[in-house]
Amino acid sequence: MIIARSRQELQAALDTKRGSIGFVPTMGALHIGHRTLIEAARRENETVVVSIFVNPTQFLPGEDLSKYPRREEADFKICELSGVDVLFYPDVAAMYGSDEVRVCAPDVRGFILEGASRPGHFDGVLTVVMKLLNMVRPSRVYFGKKDAQQLALITQMVENLFMDVKIVPMETVREKDGLALSSRNVYLDEKQRVEALKLSAALKEATKMVMQGNLDAEKIKEAMMNLLKPLDVEYVAVVNRQFESLKEVVIGNTIVLVAARVGTTRLIDNVWM
Ligand code: PAF
């Protein structure tokens with residue numbers, strides 16, 4: 001595995017490769033969810049590139065940028081064992097200058113739900129993903145469905161800016177008890193981890209209601225809110241794949257989402273139906 005720390009090193013590494021490139025952008029603290037993305041990239045491409053970069057522009061002031069888990073040694077090992085060919089591991093200076101052009105999230109989809117809770121977050125995500133895609137120039141790029149709104153916005157960016165890359169969405173990976181894997185789960189103590197299960201339990205209830213023919217979005221959200229008590233819920237939402245709010249679930253074109261704080265840790269989860 002080649003470790004590239006600058007754009008020049010990345011370019012030199014990519015110059016030695018032929019065929020399709022599968023790319024998995026990450027912020028590190030890799031878990032099985034990331035490994036699933038890497039394995040799919042490995043199966044479907046000649047070359048696999050992973051980036052690890054804790055992107056400062058997607059964190060709001062007061063968020064967890066400084067304490068975001070950084071696990072260089074373990075992450076490098078996971079990448080090596082997963083068959084990654086090139087690991088891009090830049091520092092902030094390799095990615096950003098002082099006064100730069102940025103990508104802006106679209107007005108509506110960028111400023112609801114996650115965008116409302118974290119204004120500016122998606123501008124940072126889109127900007128860094130644009131930079132990374134321009135540097136790696138992959139055939140396919142892999143993202144988890146857990147960050148559903150991020151996935152929708154990146155898909156829109158790729159379409160709107162006529163970028164030549166195929167986005168491959170991958171299912172959320174969960175612990176046996178339902179907790180969606182997230183690098184931020186390490187912030188949870190034992191009691192909070194149990195509390196955090198309320199998110200997946202609420203989504204399970206939403207799925208059950210839909211399977212029983214209860215498609216009313218308000219009723220689904222009410223049932224979810226009851227199960228989420230006493231967590232500090234930021235939102236529960238029933239939207240279509242375009243992130244437009246739905247009054248009724250449309251099977252095949254609905255995402256039910258939740259964001260809540262467990263202690264000081266902000267968790268998100270969703271189910272696609
Ligand atoms: O999902 C993430 O880990 C990040 O938002 C991403 C896409 C790597 C951009 O920093």
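Start at 1 and go down the list; that is how both ligands and their atoms are numbered.
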Ligand 1: protein N/O within less than 3.5 Å of ligand N/O:
residue: ligand 1; atom: 1 (O); partner: Gln150; partner atom: NE2; Å: 2.9
residue: ligand 1; atom: 5 (O); partner: Gln58; partner atom: NE2; Å: 2.9
residue: ligand 1; atom: 5 (O); partner: Gln150; partner atom: OE1; Å: 2.7
residue: ligand 1; atom: 10 (O); partner: Gln58; partner atom: OE1; Å: 2.6

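Within a 6.0 Å radius of CZ in Arg70, more than 12 heavy atoms belonging to other residues, nucleotides or ligands are found.
Partners of Asp85 by salt bridge (Lys or Arg N to Asp or Glu O under 4.0 Å), not counting sequence neighbours, listed by chain and number: Arg42. For Glu171, the side chain to side chain contact (heavy atoms under 4.5 Å, CB included) partners at least two apart in sequence or on another chain are Lys145.
Looking only at side-chain heavy atoms (C-beta outward), Asn270 and Val258 stay at 4.5 Å or farther from each other.
Cluster partners of Leu87 are Met1, Ile3, Val24, Leu30, Leu37, Ile38, Val48, Val50, Ile52, Phe76, Ile78, Val84, Tyr89, Tyr142, Val168, Met170, counting Ile, Leu, Val, Met, Phe, Trp and Tyr whose side-chain heavy atoms approach within less than 4.5 Å, directly or via other members.
With respect to the salt-bridge test (charged N to carboxylate O, under 4.0 angstrom), the residues Arg193 and Glu190 do not qualify.
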